[in-house]
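Take a look at the structure set out below.
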Amino acid sequence: MDYKTAWDYQDALMKANVDAKTSSWQLAVGNNETTNHKPQTINYLLFVEHPPVYTLGKSGKMEHVLINEEQRKERGIEFYQTNRGGDITFHGPEQIVGYPILDLEKFYTDIGRYLRELEEVIILTLADYGVAAGRSKGETGVWIDADVPGKERKICAMGVRCSRWITMHGFAFNINTDLNYFNYIIPRGKSSTARLRRSAYRSHQNQLHHD
């Protein structure tokens, strides 16, 4: 599915939930039933695979895209500036992209906790395939060898948006992704990530792909 179609679909689901929450709250206030009010929202989890595309988050910078528009088009790579958090990232074939559209108010109201729990889902999934992964201090996402200088590699990027505690966007989980696409961006805004783009998780890709 192309990125714009998936984005529009997410946005429609999110807006429907926000509208439902607003309407049900107004009704509860009118009936003086706010104490036990439960929002009339629906949770979704979308899984997609995108054609090659770079997406830039709200805190990202255009200089982290290292090729111009003409060069991108020659390589068949789309580009979108998005309303999610985070910097530049890549989506493409053989990458699992997950978009949870959740009403966090039904669980807890803590974006930090939500991101940590998304990370935990990926960490536990990798463990099922015999791949040891974890977190990198001060970073969002899932890493391999995060505490080994020079060997740390990011295997799952994350960026979300939240409105009235309804989430959208989510995670990009590299399974057998062509890492050459990462040669043309600076993920996380750090030039040191060149080592990630060239050598990241090759052996782990093979393990995930063949198990």
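Just so you know, these numbers use all the heavy atoms, side chains as well, and skip hydrogens, waters and symmetry mates.
A salt bridge between Arg135 and Glu120 is present, with a side-chain N of the basic residue lying under 4.0 Å from a carboxylate O of the acidic one. Between Glu70 and Lys73 there is no salt bridge, since no side-chain nitrogen of the basic residue lies less than 4.0 Å from a carboxylate oxygen of the acidic one. Ion pair Lys15/Asp19 not flagged as a salt bridge, since none of the NZ, NE, NH1 or NH2 atoms sits closer than 4.0 Å to an Asp/Glu carboxylate oxygen. At a threshold of 4.0 Å, the pair Glu78-Lys4 does not count as salt-bridged, since none of the basic side-chain nitrogens sits closer than that to a carboxylate oxygen.
Remark: the backbone N or O of Glu105 is not paired with any side-chain donor or acceptor of Thr109 at under 3.5 angstrom. Side-chain atoms of Glu119 do not come within 3.5 Å of backbone N or O of Gly134 as any donor-acceptor pair. The closest donor-acceptor contact from the side chain of Glu117 to the backbone of Tyr114 lies at 3.5 Å or more, if one exists at all. The backbone N or O of Thr55 lies less than 3.5 Å from a partner atom in the side chain of Arg84, making a donor-acceptor pair. At distances below 3.5 Å, not a single donor-acceptor pair connects side-chain atoms of Lys21 with backbone N or O atoms of Trp165. Thr167 contributes a side-chain N or O that, together with a main-chain N or O of Leu102, makes up a donor-acceptor pair within less than 3.5 Å. Checking side-chain atoms of Tyr54 against main-chain N and O of Tyr181 turns up a donor-acceptor pair under 3.5 Å. No donor-acceptor distance shorter than 3.5 angstrom exists from the side chain of Glu94 to the backbone of Asp178, with no hydrogens or angles considered.
Taken to the nearest 0.5 Å, the CD1 atom of Ile42 stands 10.5 Å off from the CD1 atom of Ile166. Rounding to the nearest 0.5 angstrom, the gap separating the CD1 atom in Ile144 from the CG atom in Leu126 is 6.5 Å. In this structure, Thr41 OG1 and Ile101 CD1 are separated by 12.0 Å, a value rounded to the nearest 0.5 Å. Distance CZ/Arg161 to CE/Met14: 4.5 Å, rounded to 0.5 Å. Within the model, atoms CD1 of Ile122 and CD1 of Ile155 stand 9.0 Å from one another, a figure rounded to the nearest 0.5 Å. Considering NZ of Lys61 and CG of Asp87, their distance stands at 8.5 Å, rounded to 0.5 Å.
No more than 12 heavy atoms of other residues, nucleotides or ligands sit less than 6.0 Å from atom CG of Asp147. The 12-atom threshold is exceeded at OH of Tyr44, counting heavy atoms of other residues, nucleotides or ligands nearer than 6.0 Å.
Heavy-atom minimum distance, Ala6 versus His50: CB-CE1, 3.5 Å. Scanning all heavy atoms of the two residues, the minimum distance from Gln95 to Phe90 falls at NE2-O, 3.0 Å. Minimum interatomic distance between Lys58 and Asn83 (heavy atoms only, all atoms of both residues): CE-O, 3.5 Å.
Residues Val148 and Trp143 are not in side-chain contact: their nearest non-hydrogen atoms beyond the backbone lie 4.5 Å or more apart.
For the pair Arg75 and Tyr184, the cation-pi test (distance below 6.0 Å, angle within 45°) is passed.
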Q: Apply side chain to side chain contact (heavy atoms under 4.5 Å, CB included) to the pair Phe171 and Thr89, showing each step before the final yes or no.
A: CA-CA 10 Å; Phe171 61 85; Thr89 194; over 6 Å; no
